[in-house]
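Beneath this line is the structure, given in structure tokens, with notes to follow.
If you're wondering where the values come from, they're calculated on a predicted model, not measured in any experiment. Residues: numbered from 1 along the sequence shown. Whatever order the structure lists them in is the order used to number ligands and atoms, beginning at 1. Atoms considered below: every heavy atom in the structure, side chains included; atoms not considered: hydrogens, waters and symmetry mates.
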Amino acid sequence: MTKITSLEQAVQTYGVEHWGAGYFGINKQGHLIVRASKDDSRVADVKEIIDHLVGENKVKLPILLRFPQLIASQVRALREAFVQASREFGYSAPHLAVYPMKVNQRREVVEAFLQEGRKYGYGLEVGSKAELYAALALDQPPESLLVCNGFKDEAYINLALLGAAMGKNAVVVLEKLNELNMFLRLSADATRKPMLGARFRLYSRGSGRWEKSGGETAKFGLTTTELLEVIRQLREHHRLNELKLLHCHIGSQVTDIKRLKNAIKEAARVYAKVRKMGVDIEYLDVGGGMAVDYDGSKTSYEASANYTMQEFANDVIYIVASICQDEHVPEPTIITESGRILTAYHAMLIINVQDEIETVIDEIARTDVDEDDPQAVVELRDIRDTINVKNYREYYHDALEQKDELFTLFNLGYIDLEDRAKGEVLFWQILEKVERFARTSKFPSEEFNDLKKLLASKYLCNFSVFRSVPDAWALEYLFPIMPIHRLNEPATEFATLVDLTCDSDGIIDQFVDLREVKEVLEVHPYDRQPYYLAILLIGAYQEAMGSFHNLFGTVNEADIIIDEEGRFHVQKLIAGHQIGTILDLVRYDRQTLLDGFRRNVMNAVQWSHITEEQAGQLLESYQRLFHNYTYLE
Ligand SMILES: *Cc1c(COP(=O)(O)O)cnc(C)c1O
């Protein structure tokens, strides 16, 4: 049997091949690599990219790396999946995708989508006025759709009218009945009208976190009665020919294909019945929801997906085709609104480990106990010295009792800080031994399960969970995390990752694993040299949902293109927030800050705490730091 190398071990430990979808891997140097498209030979070394950015361009960490080629590759894969499915089931009408902007509205992301999607007539989906406003300025292919979802007011509908007037194939999708009256009134005199769509409230539900987006109590969409009323009113106004699209969407990250299939069955049936009422529906929009397999387990678990893009496309086409045949109605053009699956892969955040937060620092810990030390300290020392594999359970319980005693005596004033410190160190030394014994035991008792996490290192990382991976906090979502270098060295430490915010929730202590969820991440010993970790698959939703907790701002960004020879090119650098720019968002504009600081400094001069000259220097420093990055440098 050959010994497994550290590299092979790293591939297993971090599961790159499971969640990487053919885009990520590890090279011989022990670095994380990215491929320009699935299983491509054009490969870039992430460590080299970061060294280049930090060295040549003086870009500070954390850095968000964007690979627009991965968006293009996903769009291509979606296209190919539907072409393949249509061929297989002899489906005659086209498939058109629209990109839901809310998934990631960054201009670079939407442009990357459109650049590839243009070839296939792919368009955009918006859910608010601001998204629509941006979409009207973007360059869509002429045959593509601009689907306008979300709750609407007059201005929203007027924007859609603008879109139609300038030649876009805008579709105003009714979420509520009262939007119809508004639409009929505002568009009455328009020569080029937007098409009308109706979102239908499906009885079917999704699975996973967004299950309640579907079902009869969903927030969105028309009930059966309302849909019939829409048709009645349109007929009455002789405008029934404007209703062209039926829409449904059962939620995001639908992990179980069964749920999607049920929803599509129902939607196709609704389409057929409406069609039979004499309404010329052209488009059946089956919404988004295709899930990303974040943990690589290929299951219906929340962080995963039990199906592929091809399977999804096959099911959509097959179901719609067979129901149309059954009902003798024409096949509709199929619209999909998948966003997560298209953008998740393209972005990764590179963070550096800033420090390690240690419970016991060996170099400064003192445990020399003499006999007149408090009884609890002496006892803890004895436990530490005599604990062994046979007695560790009993001694562990004794240690817990002595530790309680130690703190009780401290609170009563019987023990000084020196003794308290000694007791604490001894207790942690005992825990480390207990954990070792428990690990080697054949039948470890449950009470020791938490020790591994308790004793794991805490790596203090230069980022904010709330800014960069909000779903890790809000939804306990899992994103793959791994070092981008040293992967040819054994990862001998276990750590949780704490962020810079003053919030105990600012921590990542759940990590992807094929079979379970890991509570600690395998890492390399932190030796005060730059140590970089990547948080991957964060291209969907994280940027838009991120918040400015503690005023950590947006991060520095680099768009990277990989060429035929596998060389990377920094296509664009976008600076993250500076202290000054983030403060502006909470209404401290530059002048307010400088005036306020000057006033306070002048007060100090008046009270003779400092001289005028010192005041000038302080003001200068203050001004200079206005431009500092909000993260640690
Ligand atoms: C959010 C949303 C989508 C995108 O869903 P994904 O899970 O990202 O594919 C599509 N359509 C509508 C109406 C949405 O609200």
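For Y122 and Y99, the ring centers are positioned 6.0 Å apart or more.
Proximity of P100 to ligand 1, defined as any heavy-atom pair under 4.0 Å, is confined to the side chain (atoms from C-beta onward).
Distances from ligand 1 to the non-hydrogen atoms of G127 include no value under 4.0 Å. Not a single heavy atom of F220 sits less than 4.0 Å from an atom of ligand 1.
We find that D295 and K518 are not joined by a salt bridge, their nearest charged nitrogen and carboxylate oxygen being 4.0 Å or further apart. Using a cut-off of 4.0 Å between Lys/Arg side-chain N and Asp/Glu carboxylate O, E154 and R185 are scored as salt-bridged.
Between N104 and F113 there is no side-chain heavy-atom pair separated by less than 4.5 Å. Proximity of V586 to F548: side-chain heavy atoms (C-beta onward) are nowhere separated by under 4.5 Å.
Considering backbone and side-chain N/O of N149, none are found under 3.5 Å from N/O of ligand 1. Polar contact with ligand 1: present for G289 (N/O pair, distance under 3.5 Å).
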Item to check | Residues E131, K102; criterion salt bridge (charged side-chain N to carboxylate O under 4.0 Å, His left out); working and verdict | outcome: CA-CA 8 Å; E131 287 177 359; K102 76 156 191 276; over 6 Å; no

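When the heavy-atom distances from atom 2 (C) of ligand 1 to K102, M290, E337, M101 are ranked, the shortest goes to K102.
Atom numbering of ligand 1 starts at 1 in the shown order; those under 4.0 Å from a heavy atom of V103 are 8 (O).
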